[in-house]
Novice: 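Shown below is the structure under consideration.
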Amino acid sequence: MKTLASVFPDITTIPEKYRLTGPVEQSEYLINGEILEWKGSFQDVYSPVYLNNDDSKPNYIGRYPLMDKEESL
């Protein structure tokens, strides 16, 4: 019988070319053809796929600017 931990992949089973080397920190945005640095709030992004590790926390992928309607237009 499989245990719950056995259904989650171990980081070593993910092919190296698909593993993130670190979080993806998106801090720039494009307005009128100009790339600007975002100074506001950010949204953290976590993978929906849990890894088999000791802390049982979601896998942090990175973050992106948390813009509202006016800022994104």
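In this chain, numbering begins with 1 at the start of the sequence shown.
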Novice: Give me the atom names and distance for the closest heavy-atom approach of Gly62 to Pro23.
Specialist: CA-CB, 4.1 Å

Novice: Which residue pairs satisfy the side-chain hydrogen bond (donor to acceptor under 3.5 Å, both in side chains) criterion with at least one member in residues 26-35, sequence neighbours excluded?
Specialist: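 Checked against side-chain hydrogen bond (donor to acceptor under 3.5 Å, both in side chains) - neighbours excluded - the pairs reaching residues 26-35 are Ser27-Glu37.
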
Novice: Mind checking what makes side chain to side chain contact (heavy atoms under 4.5 Å, CB included) contact with Val24, not counting sequence neighbours?
Specialist: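 Val24 satisfies side chain to side chain contact (heavy atoms under 4.5 Å, CB included) with Leu20 once adjacent residues are dropped.
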
Novice: With a 4.5 Å cut-off on side-chain heavy-atom distances among I, L, V, M, F, W and Y, is there a chain of contacts connecting Trp38 to Ile31?
Specialist: yes

Novice: Checking Thr13 now: which residues fulfil side chain to side chain contact (heavy atoms under 4.5 Å, CB included) with it, not counting sequence neighbours?
Specialist: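 Result, side chain to side chain contact (heavy atoms under 4.5 Å, CB included) vs Thr13: Pro9, Asp10.
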
Novice: Can you tell me how far CZ of Phe42 sits from CE of Met67, rounded to the nearest 0.5 angstrom?
Specialist: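 One finds 10.0 Å between CE of Met67 and CZ of Phe42.
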
Novice: Partners of Ile14 by side chain to side chain contact (heavy atoms under 4.5 Å, CB included), sequence neighbours excluded?
Specialist: Ile11, Tyr18, Arg19, Leu51

Novice: Rounded to the nearest 0.5 Å, what separation is found between the OG1 atom of Thr21 and the CD atom of Glu16?
Specialist: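 So the gap between those two atoms works out to 10.5 Å.
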
Novice: Hydrophobic side-chain clustering at under 4.5 Å (ILVMFWY, transitive links): who's grouped with Tyr46? Put none if nobody.
Specialist: Tyr60

